[in-house]
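For reference, the structure discussed in these notes is given below.
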Amino acid sequence: MSERNEFRDLGMDRRIDRRDFLNGVAVGIGSLYAARSVAAVEAAETSQAAAADAYPPRRIGLRGQYPEAIQHFGAIDSGKYSQYPGIDVDTKETYDLVIVGGGLSGLSAAYFWQRALGANQKVLILDNHDDFGGHAKRNEFVYNGRTYLSFGGTMSIATPYPYSYMAKRLVEDLGIDVTKNSTVTNRVLFETHNLGPSTFFDKEHFGEDRLVVGTGRLPWDQFFAKAPVSDQARKDLIRLHGENPDYMTGMTVEQKMAKLERMSYQDFLLKHAKMSPDALPYFLGQGGRNNKRVDTTPALEAARRGSVGFDGLGLPKEEQFRQGSYTFHFPDGNASIARMLVSRLVPKALPGPLDVNTVGKAVVAYEKLDEPSAGVRIRLNSTVARVAHDGAADSATAVRVAYLRDGKMHEVRGSNVILACYNAMIPKLMPELPDKQRQALAYSVKVPMLYTNVLLRRWSAFKQLGVASISSPGMYHPSASLDPGTTVGGYQGVTTPDEPIVVHMVRNPNKPGLPRKEQNRLGQQELRTMTFQDFELAIRRQFARMLAGTGFDPAADIVGMAVNRWPDGYAYTYDTLADPDVPPEQRPHVIGRQRFGRVTIANSDAGAAAFTNQAFDEAHRAVQEILLSRGLS
Ligand SMILES: Cc1cc2nc3c(=O)[nH]c(=O)nc-3n(C[C@H](O)[C@H](O)[C@H](O)COP(=O)(O)OP(=O)(O)OC[C@H]3O[C@@H](n4cnc5c(N)ncnc54)[C@H](O)[C@@H]3O)c2cc1C
């Protein structure tokens, strides 16, 4: 097929945003089309499309760290502002606290600050995006007059570690009762239609395209019997997924654990379990916590996660942290938490305080986020380029904060500053930090992540196949799952197959074989350089192949797309393969997060853990450090 025909069949020529609108309008004005001039209809289209575009959660296309939001990051990184820059606009504004970064850490820092010192405190939050929340972002699709929600980043309250007392208190203060999660979870769709997991084997890695339904549901010999893999790979995969012998005989348990700590899961499979390399593609896209892959996950971590192959080794059963009840999922993920916080910080913009029952449908008045009369102001589209004490760090009474907005360098002053942004950027924002601290901050390399949400006008193809999710080890997005949304906060999740639905797809770009940090860097680069059209083509092609033979028509059935790219995704975490084994107090994130004069450091990087509770904990610590140093606690 020529490229031109392929593009047409996939729908690359379709203007999704405009088509959404057209369908919406068609429902609303129906017969008016006949009576009104084309020009009038087009004018109405344009103004409604513009109205949708004015509301950040409704902007679709390339989202997450979209290009304009990070347009100044390259210059900051190159050291352009190592000398304090010339200021175009001196706002003459002074604040008790300036927070750099409006993610969950920055927002919760403002909340803790107000709680400690009262509502008359003046706080400014600066963020480079057009929406608040950091990774906790909301995607809204409007189709045929109905709004469909999904999460552009942080998905849920959930963690492998216990929530701290402070983080729990904050969740409770916001009115979230995590014990109610099961009452909002929308399982009806999967149960009613008996939908389950599946695996798509692609021809580039497995010789042919084939979807095999029943991953983990069918007995493994039956499942792999249907997979397009070599006889040897099939035998090995069935063996590994069954009861395994001890692949490390002759070693004590301690010796085994010491060895597993220092080898990758891939090495364990190939060298100890003697798996045929033919079977390795099946493990692509699989790995350990924090998006480590089969080649970068320490084998011991894989064993502790319950990965296949280890059950004959006689390893001690780990005391797993299972606080199952500490889980809660809103249809827009933890963007709901960001909205709940903002309703408490800037009530004029988001009247409330919002709770679980009201957060879903609340509409943000973005123009009211930054009103001079408010105690807390949130200034979006503002990239901080430089932070410096006004004088020596140990005696200054103010900190200068220079930020770019509308192409001009602005300045505000704060009695205190919290950097709730990214650890690796902080040495560029404050080159006067001590050398050791700067090096420690620069140590981490965030994990690149891609959360793509695709709105389908119907999901009959999934129903026909009996699948709720498709794992595609070798495809651009290794996972695609129906996201019916939860029914909470005034939002009604999807329950019937004739309703449109969001498919949530995930990719963590990497380059197998390289050290983990290098893989992260290359993955970041991939996400920064791909255009929306590149992503769109990969998405449409993948849908066409995964759902081939079902009548799925990518041109007509895909009606919305939000590609949330996060080159600066998860916080970096340590592991036994890639990082030196040093005492906790010598870890780079601990050395890096020390208070410097009137500046403290929050954000999940400062906790070296990529979770919401960490963002809260680090915010609380950063606020406490200022209060203690000022004698205010
Ligand atoms: C795709 C994805 C899914 C996740 N899922 C979960 C989950 O389900 N559960 C969970 O607990 N955790 C999850 N996480 C982890 C998540 O990182 C944390 O939960 C938390 O949201 C991090 O908050 P933060 O405020 O520390 O950082 P961020 O959310 O990154 O916020 C920092 C903010 O600072 C801004 N900033 C950076 N530099 C500047 C500058 N120079 N000037 C102005 N602003 C700046 C950034 O743009 C950003 O908006 C996920 C993360 C990602 C990327």
Side-chain angles (χ1 to χ4, degrees), residues 63-66 69-73 75-77 81 98-110 124-137 151-161 163 167 171 289-291 326-330 333-335 337-338 341 378-387 401-405 417-426 428-430 446-453 504-508 527 564-573 601-619 622:
R63 297 296 290 162
Q65 291 179 292
Y66 57 91
I70 57 171
Q71 62 182 313
H72 303 298
F73 279 15
I76 295 171
D77 192 48
Y81 306 110
V98 176
I99 299 173
V100 181
L104 291 177
S105 203
L107 294 172
S108 57
L124 175 69
I125 301 172
L126 293 162
D127 194 279
N128 56 315
H129 290 96
D130 58 14
D131 202 353
F132 53 79
H135 294 151
K137 282 281 177 356
F151 46 98
T154 312
M155 178 181 170
S156 303
I157 295 174
T159 167
Y161 314 109
Y163 264 51
V171 171
R289 185 162 292 140
N290 211 0
N291 301 320
Y326 222 73
T327 299
F328 203 93
H329 176 61
F330 291 95
N334 289 359
I337 297 186
L341 282 166
I378 300 178
R379 191 162 298 162
L380 299 171
N381 305 304
S382 302
T383 304
V384 173
R386 191 68 162 87
V387 177
V401 179
Y403 64 94
L404 283 148
R405 186 181 164 81
V417 168
I418 292 180
L419 300 175
C421 47
Y422 306 144
N423 268 11
M425 189 191 278
I426 291 174
K428 306 290 181 180
L429 299 181
M430 291 202 82
K446 276 179 165 290
V447 180
M449 298 171 75
L450 185 65
Y451 269 23
T452 296
N453 291 319
H504 181 68
M505 305 174 87
V506 178
R507 172 176 175 79
N508 302 111
L527 293 185
N564 300 278
R565 63 168 200 188
W566 299 106
D568 298 297
Y570 274 173
Y572 185 79
T573 51
I601 295 174
N603 94 65
S604 57
D605 291 345
F611 292 101
T612 296
N613 53 325
Q614 211 67 42
F616 295 158
D617 287 346
E618 295 308 314

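Quick caveat, the model's predicted, so the values are computed rather than measured. Whatever order the structure lists ligands and atoms in, that order sets their numbers, starting from 1.
Interface of G134 with ligand 1, defined as ligand atoms under 4.0 Å from a residue heavy atom, comprises 29 (O), 31 (O), 48 (C), 49 (O). Against a heavy-atom cut-off of under 4.0 Å, N603 is close to the following atoms of ligand 1: 26 (O). Short contacts between ligand 1 and H129, defined as distances under 4.0 Å to a heavy atom of the residue, involve ligand atoms 47 (O), 49 (O). Atoms of ligand 1 lying under 4.0 Å from any heavy atom of T612, numbered from 1 in the order shown and given with element: 10 (C), 11 (O), 12 (N), 18 (C), 19 (O). Within ligand 1, the atoms closer than 4.0 Å to a non-hydrogen atom of Y451 are 1 (C), 3 (C), numbered from 1 in the order shown. Applying the 4.0 Å criterion to heavy atoms of A610 picks out, from ligand 1, the atoms 12 (N), 13 (C), 14 (N), 15 (C).
With a 4.5 Å cut-off on side-chain heavy atoms, E618 and N603 do not count as touching. Contact check for T612 versus V171: no side-chain heavy atoms found under the 4.5 Å cut-off. A heavy-atom distance below 4.5 Å is not found between the side chains of W566 and L527. At least one side-chain heavy atom of I157 sits less than 4.5 Å from a side-chain heavy atom of Y163. For the pair N453/N564, a side-chain contact is recorded, criterion being any heavy-atom separation below 4.5 Å from C-beta on.
Within the structure, ligand 1 lacks A136 among the residues with a heavy atom less than 4.0 angstrom away. Ligand 1 lies less than 4.0 angstrom from a heavy atom belonging to S382. Residue contacts with ligand 1 do not include F151, since none of its heavy atoms lies under 4.0 Å from the ligand.
For N613, no nitrogen or oxygen atom sits less than 3.5 Å from a nitrogen or oxygen atom of ligand 1, counting backbone and side chain alike. Considering backbone and side-chain atoms alike, V384 places an N or O below 3.5 Å from some N or O of ligand 1. Residue-to-ligand polar distances keep Y570 apart from ligand 1: every N/O pair is separated by 3.5 Å or more. Between W566 and ligand 1, no N or O atom pair is found at a separation short of 3.5 Å. The shortest N or O to N or O distance between G153 and ligand 1 is not under 3.5 Å. Residue contacts with ligand 1: I76 is placed with no nitrogen or oxygen under 3.5 Å of a nitrogen or oxygen of the ligand (distance criterion only). Considering backbone and side-chain atoms together, K446 places no N or O closer than 3.5 Å to any N or O of ligand 1.
Using cut-offs of 30° and 60° on the angle between ring planes, the pair F611 and Y570 is tilted.
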